[in-house]
Amino acid sequence: MMGLIEGVEKFDSPGKGRGLRVTKPFKVGELLFSSPAYSYVLSAEERGSRCDFCFTRKEGLARCGKCKKGFYCNAKCQKGDWAMHKLECSAITAFGENWCPSETTRLVARILAKKKIVKERCVSEKMLLIEELQSHLEDEDNEKRERTEADIAGLHRFYPKHLEVPDQKDLLTLFSQVACNGFTIEDDELSHIGTAVYPDIALINHSCLPSVIVTYNGTSAEVRAVQKMNPGDEVLTSYIDLLYPTDDRNNRLRECYYFTCDCQECKSKSRDKAKLKVRKKRDPVEPHEVNNMIRYARNTVKEFRALKHVKSPGELLEMCEQSLEKMGAVFDDSNVYMLHMMYQAMGVCIYMQDADGAIRYGEKILKPYSKLYPPYSLNVSSMYLKMGRIYMMMEKHSEGISALKKAMAVMEVAHGKNHPFLRDLRKEIGQK
């Protein structure tokens with residue numbers, strides 16, 4: 001029997017297919033609904049620092065006695081996770097350090113296991129069954145298909161026991177569904193914690209002018225209004241980073257989700273001029289110079305992404321500095337491509353424990369971020385958090401508290417005032 005979510009209903013959204021709309025008013029910051037994950041998996045990088053079952057970060061987690069790779073708050077969490085952990089436990093023991101399925105493969109294995117265990121509709125499928133998730137198998141290019149084939153090979157290799165694997169076509173469809181509908185669970189600074197599937201939340205369509213934001217509380221997802229909503233308004237979130245100009249956003253949407261956005265911002269491109277701001281000079285920069293620099297910037301962003309896990313931190317920082325110097329001859333410091341490379345440079349400085357360098361880049365980023373992102377953006381709050389924590393570490397307490405309070409103002413709307421992130425943040429600031 002299909003369930004209901006109070007205040008929200010499924011409908012056919014013109015030009016978009018299935019969607020959600022509200023049936024009652026919602027204020028900014030108000031929770032529309034929350035959903036537990038149908039299936040989820042903790043990132044391998046977080047193993048040992050977070051509980052595999054509830055994702056709580058804490059010291060002294062109990063370790064699985066057999067594989068030594070599962071970590072839990074207590075016996076209750078370990079028992080709760082056993083149905084999923086047993087898929088991996090014996091294989092981890094057998095393969096040792098050679099056990100290396102992708103995170104997507106691990107999530108698909110858990111979905112298959114849950115389908116076998118749970119036959120009835122579950123609480124994360126009140127409006128949409130896991131089988132009804134959109135697949136874009138027919139739209140995938142050869143490169144994506146090859147990645148999926150490698151993931152499927154990993155499924156067969158690393159999950160020989162405890163799993164009934166469907167035929168190749170059904171597997172390809174499931175991997176495509178996960179690729180298009182998987183959610184990245186992140187911490188308060190937007191660091192990747194894990195991946196999950198939420199069928200009901202997957203019904204929410206995209207807009208570059210979102211009306212809601214999806215955040216995470218443990219392994220559950222929460223949907224909150226970031227605009228005032230009236231009955232009949234569609235529930236819209238952003239699938240992508242909204243910092244970039246219209247063409248870049250739509251290239252990303254086509255590449256990952258196989259559609260082009262036709263929201264008011266994409267039609268008007270009203271913010272593109274500010275996002276592509278050119279440095280003021282006595283002699284105006286020629287349009288062809290701007291276009292050439294945009295091409296260079298896009299290529300640099302791609303190149304940096306490809307080399308991020310190959311080059312040393314020093315080499316990456318030098319790459320950032322060289323590109324910033326070249327782009328800075330044409331672009332204003334608030335141009336989004338300048339901001340992108342400054343953000344990368346800041347990340348490298350944090351990794352290298354160069355607090356002064358991180359602050360230098362961060363201070364250039366904050367003001368433009370606040371102007372170019374929509375209200376209540378987690379990209380803005382996470383920047384204030386990073387800056388605040390670095391200031392506090394440097395014993396610049398007044399700057400630190402000011403930045404943390406600005407992060408808190410955004411997070412109280414995006415996460416809700418009682419979220420654990422907010423409780424921890426109040427302790428950091430010293431408030432009771």
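The analysis underlying the following values was restricted to heavy atoms, covering all of them including side chains, and did not include hydrogens, waters or symmetry mates.
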Using the ring of each side chain (for Trp, its six-membered ring), is [X] parallel, tilted or perpendicular to [Y], with breaks at 30° and 60°?
X	Y	answer
Tyr198	Tyr216	tilted
Phe259	Tyr257	tilted
His415	Phe421	perpendicular

If we check salt bridge (Lys or Arg N to Asp or Glu O under 4.0 Å) with Glu412, which of these qualifies: Arg426, Arg224, Arg423? Arg426
From CA spacing to verdict: side chain to side chain donor-acceptor pair (under 3.5 Å), Ser191, Glu186: CA-CA 5 Å; Ser191 293; Glu186 296 166 326; over 6 Å; no
Check for a donor-acceptor pair, side chain of [X] on one end and backbone N or O of [Y] on the other, with a separation under 3.5 Å.
X	Y	answer
Ser323	Met319	yes
Asp167	Asp170	yes
Thr148	Lys144	yes
Asp52	Gly70	no
Arg145	Leu137	yes
Asn292	His288	yes

For residues [X] and [Y], is any side-chain donor paired with an opposing acceptor at under 3.5 Å?
X	Y	value
Glu149	Gln168	yes
Ser43	Glu45	yes
Thr195	Glu103	yes
Glu140	Tyr258	no
Ser211	Glu234	no
Glu315	Ser312	yes
Asn250	Thr260	no
Thr246	Asp272	yes
Thr105	Ser102	yes
Asn379	Tyr369	no
Arg298	Tyr337	yes

If you define the side chain from C-beta out and look only at heavy atoms, does anything of Lys269 sit under 4.5 Å from Asp247? yes
4.5 Å side-chain heavy-atom contact, Pro374 and Leu209: no
What I want to find out is whether [X] reaches [Y] closely enough, with some N-O distance under 4.0 Å, to be called a salt bridge.
X	Y	result
Lys308	Glu303	no
Asp187	Arg57	no
Glu125	Arg121	no
Arg389	Asp188	yes
Arg21	Glu9	yes

For atom [atom1] of [X], is the number of surrounding heavy atoms from other residues, nucleotides or ligands below 6.0 Å larger than 12?
X	atom1	result
Asn291	CG	yes
Glu138	CD	yes
Lys16	NZ	yes
Lys275	NZ	yes
Asn142	CG	no
Asp12	CG	no

Residues Tyr40, Phe183; criterion ring-ring contact (aromatic ring centres under 6.0 Å, His included); working and verdict: CA-CA 9 Å; Tyr40 61 90; Phe183 287 78; over 10 Å; no
Taking it one step at a time, do Met346 and Lys386 satisfy side-chain contact (heavy atoms from CB on, under 4.5 Å)? CA-CA 10 Å; Met346 181 185 176; Lys386 285 176 185 170; 4.1 Å; yes
Name all residues meeting the side chain to side chain contact (heavy atoms under 4.5 Å, CB included) criterion together with Lys115; count only those two or more places apart in sequence or in a different chain, and write none if there are none. Tyr38, Ile111, Ile130, Glu131
What's the separation between atom OG1 in Thr215 and atom CD1 in Ile185, rounded to the nearest 0.5 Å? 11.0 Å
What do the steps show when you test His206 against Cys208 for side-chain contact (heavy atoms from CB on, under 4.5 Å), and what is the final call? CA-CA 7 Å; His206 165 86; Cys208 301; 3.4 Å; yes
Verdict with supporting geometry, Phe158 and Phe95, ring-ring contact (aromatic ring centres under 6.0 Å, His included): CA-CA 8 Å; Phe158 296 115; Phe95 281 95; 5.0 Å; yes
List the atom of Pro25, the atom of Glu30, and the distance in Å for their closest heavy-atom pair. O-OE1, 4.3 Å
